[in-house]
Amino acid sequence: MPLSYRDILKQYWGYDDFRGIQREIIESIGAGHDTLGLMPTGGGKSITFQVPALAKEGVCIVITPLIALMKDQVMNLRRRGIRADAIHSGLAHDDILRILENAVFGGVKLLYVSPERLGSEFFLKKLGHMTVSFVCVDEAHCISQWGYDFRPSYLAISSIRKVLPDVPVLALTATATPLVVQDIQDKLTSPLRPQAPKFNVFRMSFERQNLAYVVRHVSDKEQQMLHILNNVGGSAIVYTRSRRRTKEIATMLTAAGLSATFFHAGLDNTEKDHRQKAWQADRVRIMVATNAFGMGIDKPDVRVVIHADCPDSIEAYFQEAGRAGRDGQKAYAVLLFNGGDRLKLLKCISDTFPAKDEIREVYNHLAYFYQVAVGSGYGHVFEFPIEKFCHAFHHFPTRVLSALKILNRAGYIEYKEEEDSQARVRFCLERDDLYRLRDNPPQEDAVIVALLRNYSGLFNDYSYIDEAFLAEQTGLTKPQVYLTLKELGRKRIVDFIPQKNIPFIRYLQRREDGEHLVFTPAVYDELKQRYSERIHRMIDYATADNQCRSRMLLHYFGEESRHDCGHCDVCLDRNDADDEAVEEATRQIMALLADGEPHHVSDLHAISLPYPPIEAALRMLVNEEVVIDDDGLLRVSEA
């Protein structure tokens, strides 16, 4: 008899029962219905696809954008005895083929892939031979142009529905407005089954009763940060928008005697893993990071998340702030804000959506840079050294990148930020010849041994390698490993292709004259309007001082709350203000009665304060027998 969903949960995760809407989502996708689950950070999204994947026949295809998240979840699943694997850009072709063959023959229950992989004909061909239980689209908001984190690669998911038209889809997200929720369903509906039943949509309340949202308007953010971290104990995350600032802030905190490190996408994978594990194991208390950190990180006891810089959308803020207090205990999400943040956010609009004529100018300058004539260039691919380009044509890098993304959306070029970003190695010698080598320097022998121990297929094909990992294995520094590999390459012992981080540009159609480029409303005007709205809603949240922060966030995501949270900065300030108003009302009542004569209760209307604090003050004075209320006549007690 097959195990029930609850039995699977107990056997592999040790939990007695599901939380929130987990069961409803699992039963819906298990019954073969297209399903959309909206669950805030910490709501237990992964359980909703991992449990039914084990219950159903075949392999579950999990589409997720982050390699680090794939690796982390695959490692955790394997630790529980679950057959899981991932296909990502760091794998050699032989490894990818092996994993796909295992999935075809039933050796994998959960297969993680990036959305870019769905554009591969080789992958789609293999997919057609698999028994697929269902497809899970994680971070599903990335498919919506109306969302804050639109990724064009997610649009390729429609291709998987053409190959597997009858396989149900489970879409999951932690942040989606009502407009994005509808767009996700529209984009993921099978093009071969347009009349299929609509998605079953399950919403978990986004309210976090244990999390206090706080905005602090400060000029000296570093001092405020120190004040908060010295007064709120436990694990912490500090978010900033700049890689450079992560190091600066971590250095400042360390100098102040706090345990801190930093994290951003520019660090090599080994260093990222080392720092992440140190923080998760509480060997380091504070992680200072860009938004590259946190997605999929399972650390429930974060007590405070501080935003040193203001995010450009409420969605991003809510997701990052929600990493605090996932254990249900009291936690804080603090946004440090000042006038400079407002100006930076408004500048983001013009930086993200340069004027159309400026985009046309970038397009023309690309043609001059590569010497592509009008009417030619279709299909041509070029490396794009952005600093050299900007220096040659006096552009700002941020605006060039934005222009390229808009040209990409408009279909004129394809722009990819990193291609073949990892180093690759292949042995030039046969294995027996390698063993006959003599008198190599110790560093070369150490690197050769580390390559043989940690990477397979090096005698047949190139394999991606991690120089930082090799440095760790050999006791050398990363520069020493690089120089050793270069020397082994010179000796023709290996063929070494160094790491490259140069983006590339591909012309998707023949080059036009820039003045003839067309940017439709869907490519430019509508997206700019939505982006501007998100910026202004973020500014409204940061500057408002008259509405509960939690209610503002819930309203943004289409959820209405009838009560204030009671512990955000606005609610606490309001409570303090109420106490002050009651104290002032008490003083004025006693002043009115100071003449010793009885006064009718209607005389209190002369007090220039709102009625609630006057009523509260009078009730307190009467209860404490300081004032006598004799059928509407008030006087001071003689006792």
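Note that this is a predicted model, so its numbers are computed, not measured.
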Is NZ or CZ of K330 both nearer than 6.0 Å to the six-membered ring centre of Y332 and within 45° of the ring axis?
yes

Lys NZ or Arg CZ of R275 over F262 ring: under 6.0 Å, within 45°:
yes

Work out which heavy atom in H567 is nearest to a heavy atom in A212; give both atom names and the distance.
O-CB, 3.4 Å

K356 and F519 have their tightest heavy-atom pair at NZ-O, 3.9 Å

Any donor and acceptor pair, going by atom type alone, linking the side chain of [X] with main-chain N or O of [Y] inside 3.5 Å?
{"X": "N364", "Y": "A367", "answer": "no"}
{"X": "R161", "Y": "L188", "answer": "yes"}
{"X": "Y363", "Y": "E512", "answer": "yes"}

Compute whether any side-chain donor of one residue and acceptor of the other, for [X] and [Y], lie under 3.5 angstrom apart.
{"X": "H307", "Y": "E320", "answer": "yes"}
{"X": "Y112", "Y": "D138", "answer": "no"}
{"X": "Q529", "Y": "E533", "answer": "yes"}
{"X": "D309", "Y": "T240", "answer": "yes"}
{"X": "H141", "Y": "T173", "answer": "yes"}
{"X": "Y370", "Y": "R511", "answer": "no"}

How would you list, by chain and number, every residue that makes a side chain to side chain donor-acceptor pair (under 3.5 Å) with R537, sequence neighbours excluded?
none

Got a sec, which residues hit side chain to side chain donor-acceptor pair (under 3.5 Å) with H33, two or more places apart in sequence or on another chain?
none

How long is the span from the OG atom in S532 to the CG atom in L346, to the nearest 0.5 Å?
8.0 Å

What distance separates E560 CD from H555 NE2, expressed to the nearest 0.5 Å?
5.5 Å

Sorted by chain and residue number, the ring pair (Phe, Tyr, Trp, His ring centres under 6.0 Å) partners of F557 (sequence neighbours excluded) come out as F206, F318

Do Y541 and Y317 have ring centroids that are under 6.0 Å from one another?
yes

